[in-house]
Amino acid sequence: MEKAQEVQLQIMGQEVEAANLPEQTTMPTFPPLKNYKWWLKISIYVFFLLAGQTAATILGRLYFEKGGNSNWMAAFVQAAGFPIILLFYFLSPLKTSAANSTDKTSPSKLKLALIYVVFGVFLAANCLLYALGLLYLPVSTYTLICATQLGFNALFSFFLNSQKLTPFILNSVVLLTISSVLLVFQNDSTESKEASKKKYEIGFLCTVGASAGYGLMLSSTQFCFKKVLKQETFKVVLDMILYPAFVATLIVLVGLFASGEWKGLRKEMEEFELGQVSYLMTLIWTAICWQVFSIGCTGLVFEVSSLFSNIISTFGLPMVPVLAVFVFHEKMNGLKVISMLIAIWGFVSYAYQHYLDDYKFKTGGSNDSREVPEDSNKFNI
């Protein structure tokens, strides 16, 4: 009888010990493949990011190539498409996501307002800096400098979000950066005439500043999702796009009128090489594409991490010079092909890291390189 009681006590002790094991060992980096809904959502976000970024950059370049010269207008359309986000509030997934929300301590309205205003100011500054960079720099140089946002993002994520920089992730960052660096050596004969040395320096500094700001914004967005907002609804993602974009639009609009550039918009539209209708359509579709990009970018930050979102963004940068072959009749040379291949290699390197994470989880190994938030309900979609 005593031996039976001892055995029972041992079993009970093992159960208690198992119940007290750390929860982090029960969560993979990515959910299983059978969770097709989550993977479908990630695929849609990736498509939105790549399609929106590529189309918006091409249209932004088209605006300057065909006669546009207003920096504030180019910055304005990057944020002014936010009313499109309102359409997504009426989608059915919002109700389902809201019902599944596990957060019980949402931040105060004052704290939310402060977050949206700060991000809106950052967004307005980035829009203007990117517009100046695209105006004063050739496409290849502009693309090269934009690739530095990946390094900035990795650095900020290391401090803000405890991002683990494994060898494969570092390899991915280096390869994707090199992929864009190669583009600076190409010779695009159809690019706009070279800017003066002073303007070139301004464009260079503006693009570097915008890339650093973009990396900081992504890392800060992930930090807010995880530490401040602490909610898992699609509405939170939309709010993080809509309200900062609204603030940024107001700031840029004030700059447009304060600078006096608004006075020359009518003349600019009349002298646009493709016609007045094309002028309006270029601006409208640029605004739409930037919002599509924002949905994809913010969605990936919410579902995975800011670094993953930036990896996808950098992976899409070489697409711009490739599409410029068809839009601006530029020549496709060997460097562009090599750049694309290296970008794919870098992306595969990043994806392989996640394969290793999942493999370690399935085999009972430790996983210190996760990038997902701590709450495993993220995957219960």
Side-chain angles (χ1 to χ4, degrees), residues 45 49 52-53 56-57 75 78-79 82 107 111-134 142-165 169-170 172-174 176-177 180 203-229 236-237 239-249 251-252 290-291 293-317 350 371-373:
Y45 284 147
L49 189 154
Q53 173 183 260
T57 305
Q78 294 182 46
F82 70 88
K111 183 180 292 186
L112 285 176
L114 180 61
I115 291 174
Y116 297 146
V117 169
V118 171
F119 275 87
V121 173
F122 264 99
L123 179 60
N126 272 13
C127 288
L128 181 59
L129 291 175
Y130 273 130
L132 289 170
L134 193 59
Y142 173 81
T143 306
L144 158 68
I145 302 172
C146 285
T148 60
Q149 68 193 28
L150 186 59
F152 285 118
N153 183 212
L155 177 64
F156 292 131
S157 293
F158 177 79
F159 291 104
L160 291 178
N161 304 309
S162 300
Q163 174 70 53
K164 303 297 182 180
L165 301 178
I169 290 181
L170 287 175
S172 177
V173 171
V174 172
L176 286 168
T177 303
S180 296
F204 180 86
L205 294 175
C206 288
T207 309
V208 170
S211 298
Y214 179 75
L216 178 59
M217 280 189 63
L218 286 184
S219 300
S220 301
T221 299
Q222 181 183 351
F223 179 83
C224 287
F225 279 144
K226 185 176 180 180
K227 300 296 184 180
V228 182
L229 301 178
V236 174
V237 178
D239 289 345
M240 204 62 179
I241 301 172
L242 178 66
Y243 295 115
F246 173 72
V247 174
T249 300
I251 294 174
V252 176
W290 277 123
Q291 293 309 306
F293 164 79
S294 297
I295 294 173
C297 178
T298 309
L300 290 179
V301 173
F302 178 73
E303 294 290 343
V304 187
S305 73
S306 61
L307 184 59
F308 179 80
S309 179
N310 216 336
I311 287 282
I312 299 298
S313 178
T314 308
F315 173 71
L317 287 178
Y350 185 86
E371 300 177 15
V372 292

Nearest heavy-atom pair of Ala248 and Ala124: which atoms, and what distance? CB-N, 3.7 Å
With Met217, the side chain to side chain contact (heavy atoms under 4.5 Å, CB included) member among Leu123, Val118, Val301: Leu123
Inspect the surroundings of OH in Tyr116 and state if more than 12 heavy atoms from other residues, nucleotides or ligands are less than 6.0 Å away. yes
For residues Thr57 and Phe293, determine if any side-chain heavy atom of one lies less than 4.5 Å from a side-chain heavy atom of the other. no
Set of residues satisfying side-chain contact (heavy atoms from CB on, under 4.5 Å) with respect to Ile115, sequence neighbours excluded: Lys111, Phe119, Cys224, Val228, Met240
Which heavy atom of Val121 sits nearest to which heavy atom of Val247, and what is that distance? N-CG1, 4.3 Å
With distance as the sole test, does Thr298 use its side chain to make a donor-acceptor pair with the main-chain N or O of Val237 at under 3.5 Å? no
For the student: nearest non-hydrogen atoms of Ile241 and Ile295, plus distance: CD1-CA, 3.6 Å
Please say which of Ser313, Cys146, Ser294, Cys297 ends up in a side chain to side chain contact (heavy atoms under 4.5 Å, CB included) with Gln53. Ser313
Leu128: which residues meet the side-chain contact (heavy atoms from CB on, under 4.5 Å) condition with it, sequence neighbours left out? Asn71, Trp72, Ala75, Leu132
Listing, residues 208-216 side-chain donor-acceptor contacts under 3.5 Å, not counting sequence neighbours, or none:
from, atom 1, to, atom 2, distance (Å)
Ser211, OG, Ile145, O, 3.3
Ser211, OG, Thr207, O, 2.8

For Gln291 and Gln78 the tightest heavy-atom approach is NE2-O, 3.6 Å
Atom CZ of residue position Phe152 - does it have more than 12 heavy atoms of other residues, nucleotides or ligands inside 6.0 Å? yes
